[in-house]
Undergrad: 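Before anything else, here's the structure in question.
The sequence lines fix the lettering, A, B, ..., with proteins before strands; numbering per chain opens at 1. Owing to the predicted nature of the structure, the values given are computational and were not obtained by experimental measurement. These numbers come from the heavy atoms of this one structure, side chains and all, not from hydrogens, waters or symmetry mates.
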Amino acid sequence: DSGVTQTPKHLITATGQRVTLRCSPRSGDLSVYWYQQSLDQGLQFLIQYYNGEERAKGNILERFSAQQFPDLHSELNLSSLELGDSALYFCASSGGAGELFFGEGSRLTVL
Amino acid sequence: GENVEQHPSTLSVQEGDSAVIKCTYSDSASNYFPWYKQELGKGPQLIIDIRSNVGEKKDQRIAVTLNKTAKHFSLHITETQPEDSAVYFCAFKTWGNEKLTFGTGTRLTIIP
């Protein structure tokens, strides 16, 4: 158990809809990262937050947004969903030493 | 730029034999090189890492070597066991950049 909690574990929705994925980092970790893993693909970096502020941005679509709240949990919002958005979405947290600890992921299926 | 090549993409090894996975990076400012293991239906799990001031690190049956001149690092698993079957990802981080960039993964299968 990495200590990173993600909800929901599975989500099925239709094209055009909007979903929110939630992440609680390890206790004490200030950084939260979001990654996307499509079928048989590697992990693509989406965005990073540090103590509530956006720190780095990767290949995140304009339809996607994220935020980190004062209690350090983070949410990833995916809107106007397309079939190609079906993927595993991982959250990871870090205490600053470099190591990332990943949650179990949220599997999104867009029908 | 930020790029890492990982080879092989699949690897089958007889139980008890050794497995080696190699990654090559391009950015000489890279300074942190972790390896992650991802089992089916789970998130990636950090198994070992190495920093640019060290050439080799070992943890029981797992070792990582770093060749900064050639810009490659390798994961070595000795005395492989069935529970080593998983997808392994290399990754790297560069100075001043907190994100990890991942390789494309190696699916390792241990044959009993």
Undergrad: Name all pairs fulfilling the disulfide bond (SG atoms under 2.5 Å apart) condition that reach into residues 16-112 of chain B, sequence neighbours left out, sorted by first residue then second.
TA: B:C23-B:C90
Undergrad: Under 4.5 Å, heavy atom to heavy atom, which residues of residues 100-108 of chain A contact chain B?
TA: A:L100, A:F102, A:G103, A:E104
Undergrad: Can you tell which part of B:K93 gets under 4.5 Å to a heavy atom of chain A, answering side chain, backbone, both or neither?
TA: side chain
Undergrad: Are there more than 12 heavy atoms of other residues, nucleotides or ligands under 6.0 Å from atom CG of A:L83?
TA: yes
Undergrad: Is the number of heavy atoms from other residues, nucleotides or ligands under 6.0 Å of B:Q60 CD greater than 12?
TA: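 At most 12 heavy atoms, drawn from other residues, nucleotides or ligands, come within 6.0 Å of this atom.
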Undergrad: Does B:I48 share a hydrophobic cluster with B:Y36, counting links as ILVMFWY side-chain heavy atoms below 4.5 Å and allowing steps through other members?
TA: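 No, B:I48 and B:Y36 fall in different hydrophobic clusters.
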Undergrad: If the contact rule is any heavy atom under 4.5 Å from chain B, which residues of residues 43-55 of chain A qualify, in numerical order?
TA: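 Residues A:L43, A:F45, A:Q48, A:R55 are the ones that qualify, each having a heavy atom under 4.5 Å from chain B.
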Undergrad: Ignoring hydrogens, what is the shortest heavy-atom contact between A:F90 and B:K42? Give both atom names and the distance.
TA: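 Looking at all heavy atoms of both residues, the closest pair is CZ-O, 3.8 Å.
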Undergrad: Could you give all pairs that pass the side-chain hydrogen bond (donor to acceptor under 3.5 Å, both in side chains) test and reach residues 77-94 of chain A, with sequence neighbours left out?
TA: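 Non-adjacent pairs meeting side-chain hydrogen bond (donor to acceptor under 3.5 Å, both in side chains): A:T20-A:N77, A:D29-A:S93, A:Q36-A:Y89, A:R63-A:D85.
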Undergrad: Could you state whether B:V54 and B:F33 fall into the same hydrophobic cluster, counting links through intermediate Ile, Leu, Val, Met, Phe, Trp or Tyr residues with side-chain heavy atoms under 4.5 angstrom apart?
TA: yes
Undergrad: Count the heavy atoms of every other residue, nucleotide or ligand shown that sit under 6.0 Å from CD of B:E79, and state whether that count exceeds 12.
TA: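 Not more than 12 within 6.0 Å, no.
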Undergrad: Please classify the contact between B:Q45 and chain A as side chain, backbone, both or neither, with a heavy-atom cut-off of under 4.5 Å.
TA: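 The answer is neither part of B:Q45.
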Undergrad: Can you hop from B:I47 to B:I50 via hydrophobic side chains spaced under 4.5 Å?
TA: yes
Undergrad: When clusters are formed by joining ILVMFWY residues with side-chain heavy atoms under 4.5 Å apart, either directly or through shared neighbours, do B:Y88 and B:V64 land in the same one?
TA: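 Both belong to a single hydrophobic cluster.
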Undergrad: Working to the nearest 0.5 Å, report the span between CZ of B:F102 and CD of A:Q37.
TA: 9.5 Å
Undergrad: According to a hydrophobic-cluster definition based on side-chain heavy atoms being under 4.5 Å apart (Ile, Leu, Val, Met, Phe, Trp, Tyr only), do A:V4 and B:L100 belong together?
TA: no
Undergrad: Answer with side chain, backbone, both or neither: which region of B:L46 has an atom nearer than 4.5 Å to a non-hydrogen atom of chain A?
TA: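 Side chain only.
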Undergrad: With a 4.5 angstrom heavy-atom cut-off, could you sort out which part of B:P44 is near chain A: side chain, backbone, both or neither?
TA: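 Both parts, backbone and side chain.
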Undergrad: Taking atom CG of A:N59 as the centre, report whether more than 12 heavy atoms of other residues, nucleotides or ligands fall under 6.0 Å from it.
TA: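 12 or below, so no.
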